[in-house]
Amino acid sequence: MNHELLLQLFENRSGEYVSGERISQELGVSRTAIWKQIRKLEAAGYQFEASRRLGYRLLSTPDHIAVDELSNRMTTGFFGQTIHYFETVESTQNLARAAAEEGAAEGTLFIAEQQVSGRGRMGRSWVSPRGKGVWMSMVLRPKVPIHFAPQLTLLTAVALCRSLRRLTALPIGIKWPNDLLIDGKKISGILLESAAEDERLRYVVAGIGISVNLDEADYPADLLEKATSLRISSGQKWAREDVIFEFLKEWEQLYVLYQEQGFGPIVTLWEALSVSLGKPARLVTPQGDFVGVPIGLDESGAIRIKLEDGTVRPVFSAEMGEPI
Ligand code: BTN
């Protein structure tokens with residue numbers, strides 16, 4: 001049975017119930033075939049209401065990123081100049097990594113409407129429901145040694161924060177190293193995975209997850225305390241094309257600046273957007289936990305933590321707990 005015909009039938013009756021019998025007559029198919037097709041459409045993001053008495057009613061159709069429109073609009077030199085767009089993937093990180101291994105050009109972008117095994121930092125999973133967010137990974141080929149990779153993470157956070165603030169006017173800040181927060185709740189995540197040879201970075205796969213139009217119902221209950229979306233925070237829906245467009249423009253500008261002038265300018269921008277500086281925090285590292293006050297970034301990208309005895313300790317990698 002052709003799902004286009006079924007959808008057309010519902011769309012012609014804009015939001016009204018259509019009985020199973022009626023559908024069955026009009027399309028010449030069995031009630032079981034209709035039920036199966038509706039299940040399939042639901043899995044693809046369509047929402048129906050079913051009533052034993054009245055039949056089915058189409059509530060909403062899935063939102064899609066208009067990739068052609070986005071490509072035509074793009075003003076970047078190389079970020080997102082090639083876009084590979086998918087409906088459902090395991091993780092865009094895997095696709096970008098495989099492409100990078102095959103020699104994909106810098107700036108090649110993979111976008112998916114839905115990830116079924118989205119990955120977060122520290123081996124966590126990443127909630128990536130269909131049609132609600134920006135789930136994407138890009139191939140980078142920076143000409144810097146491997147130990148500079150954390151700088152790229154901070155640079156990416158700055159670009160994302162600046163572009164989202166410009167677009168939404170929401171009070172978004174950066175929690176070290178790269179979480180973007182609104183009122184203490186996370187709205188995006190950045191995951192950089194690199195491949196190196198000796199000291200040289202062969203490529204970096206930069207994964208960006210932006211919770212754009214997620215509703216509260218899209219989050220597991222335990223995450224709701226810690227996570228939010230642009231939609232929940234602003235009370236309005238955002239065009240994902242605008243989010244991607246603004247971010248890629250900003251990200252490329254900062255990336256070019258970084259390659260030309262080094263990390264100094266990024267430090268200044270990061271510090272201006274940080275919500276972590278000056279607030280005592282617990283840092284959880286593989287070598288143990290300690291408490292201190294983050295006071296700034298150093299030139300390598302480490303955060304400078306002032307300890308109780310007044311000494312300053314640079315920290316490259318840790319989980320930063322709630323301010324204490
Ligand atoms: C974090 O834990 O904060 C990082 C989350 C990164 C999520 C993005 S979504 C696109 C890309 N694909 C993935 O599987 N993860 C990243």
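In listed order, ligands and their atoms are each counted from 1. Side-chain atoms are counted along with the backbone in the values below, which use heavy atoms only and exclude waters and symmetry mates.
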| message | Quick test of your reading of the model: are Glu241 and Arg73 salt-bridged, counting only N-O distances below 4.0 Å? | response |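 So Glu241 does not pair with Arg73 through a salt bridge.
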| said: Please determine whether a side-chain nitrogen of the Lys or Arg among Lys237 and Asp215 lies less than 4.0 Å from a carboxylate oxygen of the Asp or Glu. | reply: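 Judged by the 4.0 Å cut-off on N to carboxylate O distance, Lys237 and Asp215 do not form a salt bridge.
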Counting each atom of ligand 1 from 1 as listed, which ones have a heavy atom of [X] under 4.0 Å away?
X: Gly120; result: 1 (C), 2 (O), 4 (C), 5 (C)
X: Ser91; result: 12 (N), 13 (C), 14 (O)
X: Gly118; result: 14 (O)

Shortest protein heavy-atom distance from [atom], along with the residue and atom involved:
atom: atom 9 (S) of ligand 1; answer: Gln115 NE2, 3.3 Å
atom: atom 3 (O) of ligand 1; answer: Lys186 NZ, 2.6 Å
atom: atom 2 (O) of ligand 1; answer: Arg121 N, 2.6 Å
atom: atom 5 (C) of ligand 1; answer: Trp126 CE3, 3.5 Å
atom: atom 11 (C) of ligand 1; answer: Thr92 OG1, 3.4 Å
atom: atom 6 (C) of ligand 1; answer: Arg119 O, 3.5 Å

| query | Between Phe10 and Tyr46, does the ring centroid distance fall short of 6.0 Å? | reply |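 When the ring centroids of Phe10 and Tyr46 are compared, they turn out to be at least 6.0 Å apart.
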Can you measure from [atom1] ([X]) to [atom2] ([Y]) and round to the nearest 0.5 angstrom?
X: Leu248; Y: Ile83; atom1: CG; atom2: CD1; answer: 7.0 Å
X: Ile187; Y: Thr168; atom1: CD1; atom2: OG1; answer: 7.0 Å
X: Phe148; Y: Glu299; atom1: CZ; atom2: CD; answer: 9.5 Å

| query | Where does Ile190 meet ligand 1, judged by heavy-atom distances below 4.0 Å: at the side chain, the backbone, both, or neither? | reply |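 Just the backbone.
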| request: Answer yes or no: are there more than 12 heavy-atom neighbours, outside Glu49 itself, under 6.0 Å from its atom CD? | output: yes
| task | Give the ring-plane orientation class for Phe79 versus Tyr255, where under 30° counts as parallel, over 60° as perpendicular and anything between as tilted. | result | tilted
| field | Contact check, Gln93 vs ligand 1, heavy-atom distance below 4.0 Å | value | yes
